[in-house]
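What follows is one structure encoded as structure tokens, with my remarks underneath.
Residues: numbered from 1 along the sequence shown. Indexing begins at 1, ligand by ligand and atom by atom, following the structure's order.
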Amino acid sequence: MTRGFVHSPAPTRVVFGAGTVTAVAEEVRRLGGSRVLLVARARHAERVAAALGDLVVARFDGARMHTPVEVTAQALDVLKGAAADCVVAVGGGSTTGLAKALAVRTGVPQVILPTTYAGSEVTPVLGETENGRKTTRRSPDILPETVIYDVDLTLDLPVSITVPSAVNALAHAVEALYAPDANPAVDAVALQAIRGIARALPAVAANPSDVDARAELLEAAWLAGSCLAAVSMGLHHKLCHQLGGQFDLPHAETHTVMLPQVMAYKQNEAPEALARVAEALGVPDAAAGVFDLVRSLGGPTSLRELGLTESSLDGIEPASVLRAAWAGVRPDGVPDVSALTAQVIASFDDTPDPRLKQLITDLVRHLHHFAVSNDLTEQEWLFAIGFLTRTGQISDDKRKEFVLLSDTLGVSSVVDALTNSRSPLTTPSAVLGPFYVEGPPAMDRGADISGGLDGEPLWVSAAITDTDGKPVPGAVVDVWQSNKDGFYDVQLPDLDGPVLRARFVADDEGRLEFWTILPHEYPVPEDGPVGQMLDGTDRHPYRAPHVHFMIGAPGFHTLVTQLFVKGGLYLDSDTVFGVKEDLIVEFGHGEGAPPAGREVADGWRRLDYTFRIGR
Ligand code: BEZ
Ligand code: FE
């Protein structure tokens, strides 16, 4: 469905960096201000006051959370008494809220210097409380004109405040992703914000004065705030405002408790948005991931911790969310196995071979993720183990069920794509399959490899060249294929010795020629675990008709490939995903006398092909 949208980026001027507090006087003058009311309850007020110098005509230090209107009235008196023409606010959400409340009442411009990650400095939204009720309004007059982000002002923010504040920012980005009025620009910014917070927050918690991590977190908080500005309010923000106003709860901590619970509640309604959140966070489940992040960083996870009684929440909807939030249950009830995964990965710390270490630890990570994200049951896992056991039991040197499993799951073709076919100059490769037998019988030019088996005679005339088209004399070419009923010799116990497989050596012009029979489509073996998998998933077992080639020559990479009969069945649904466009070739009708003195009763076919191999 086409997504229609309106995008109207906010006009706020943003100055970002380290030491940018020194720009504050210039930014005030830019806005035409000369008499500043400094709203500062926070640390660093003196730094800002010093940078403003005699531009400051008054100060107000009484900003309070949730912007109570009576506090705003006091500040307004100060502003008017001093005839201030600009508000500069330094601090968190409360000072920003007060600056906005003053601006919307008087029209004075605002310069905000955030010291937390609230994000409200870039939103046109103002929440105020009067008699315990929070009202929220939105207006372009509320939006601050200029925001100065100075990472230096955030370095000493304690971890216990940093975590809830950053989760508050995370909430802005998460809610933007499932907002009905988001757009591609908001989505991209929100995902970048989530990635930034997920990366930087643990780093800041581990080392609070890490300037780079602080800068990344502050940048992400700005992006998150700008998402909130662009969309209408979602369930989480509405609930937090309601709870905050009603119970005078700490703002950021309320976000921290509520966010994972609301995300879990939204999972059914907005699965795609939450899947993107999970990916950006690098976790299997978005809600549980946020819960774990908060818990691991020591943030609050329950309303109980914030001092609420369970019964005080009666009547607030959705009740299930409030109940879970009060108790602090991990969303979905999925246990957190991240410590277990970390422990298993750490057990490989001393692996001497770095490649082995990389492969095995990543395999463990993917397997754990697979189990968790699918909420795997013990029964399912035992079935999988039984399936693999049977795959091994049915296998021997002729029956290669594991190869077949890899083929039918497309893994062989993925590995083939990664290993071979990297040059457009060589003939594309294709999977080896389970029916190759080492050391096929050597045959001479013009021989018939069909051992007299029934089928439409096929004359194959091939050349082997390098990537410049120069012949490769002496190239060793192994050929194998099925009979007209789709069986390879190794599948036919009554056959005496190898049939429909041979080894040729290319002549001085790099050529080889032989008789065989036209291949047909055939089912891969269905009487084992792979057959059970295909049957259980309603997949057909057929391979498109083809002949296999393995071509080697000293100094060249060995080419393993197949040629497919143009017009054959199953070319676009080959059950092992082996077909490549360039390998589908004409097996045309032969004209005139059959080569090599052969006599045929009816018609015959011919295949002419030049293989290019690379060094
Ligand atoms: C084959 O073409 O021989 C083959 C390849 C993959 C799986 C089964 C058969
Ligand atoms: Fe085959």
Between the side chains of Thr575 and Arg539, is a donor N or O closer than 3.5 angstrom to an acceptor N or O?
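Indeed, the side chains of Thr575 and Arg539 share at least one donor-acceptor pair under 3.5 Å.
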Taking atom types as modelled, is there a side-chain donor on His546 or His548 under 3.5 Å from an acceptor on the other?
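The criterion, which ignores hydrogens and geometry beyond distance, is satisfied for His548 and His546.
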For ligand 1, run through the N/O pairs with the protein that fall under 3.5 Å and put one pair on each line.
residue	atom	partner	partner atom	Å
ligand 1	2 (O)	Tyr522	OH	2.7
ligand 1	2 (O)	Arg543	NH1	2.5
ligand 1	2 (O)	His546	NE2	2.9
ligand 1	2 (O)	His548	NE2	2.8
ligand 1	3 (O)	Tyr488	OH	3.3
ligand 1	3 (O)	Tyr522	OH	3.0
ligand 1	3 (O)	His548	NE2	3.1

Angular separation of Tyr522 OH and His548 NE2 about the Fe ion (ligand 2), given to 10°:
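OH of Tyr522, the Fe ion (ligand 2) and NE2 of His548 span an angle of about 170°.
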Metal check, the Fe ion (ligand 2) vs Gln562 N/O/S, cut-off below 2.8 Å:
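So Gln562 does not bind the Fe ion (ligand 2) by this criterion.
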Quick check on the Fe ion (ligand 2): does Gln481 put an N/O/S atom closer than 2.8 Å to it?
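No - counting backbone and side chain alike, Gln481 has no N, O or S atom under 2.8 Å.
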salt_bridge([X], [Y]) N-O dist < 4.0 Å:
| X | Y | result |
| --- | --- | --- |
| Lys398 | Asp489 | no |
| Lys580 | Asp574 | no |
| Arg445 | Asp507 | yes |
| Asp407 | Arg543 | no |

What do you reckon, is CD of Glu279 surrounded by more than 12 foreign heavy atoms closer than 6.0 Å?
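No, not enclosed.
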For the Fe ion (ligand 2), find the closest N/O/S atom belonging to His546 and write down its atom name.
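Checking each N, O and S atom of His546, the shortest distance to the Fe ion (ligand 2) belongs to NE2.
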Should the pair Arg598 and Trp459 be classed as cation-pi, given the thresholds of under 6.0 Å to the six-membered ring centre and 45° from the axis?
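Checked: cation-pi criterion not met.
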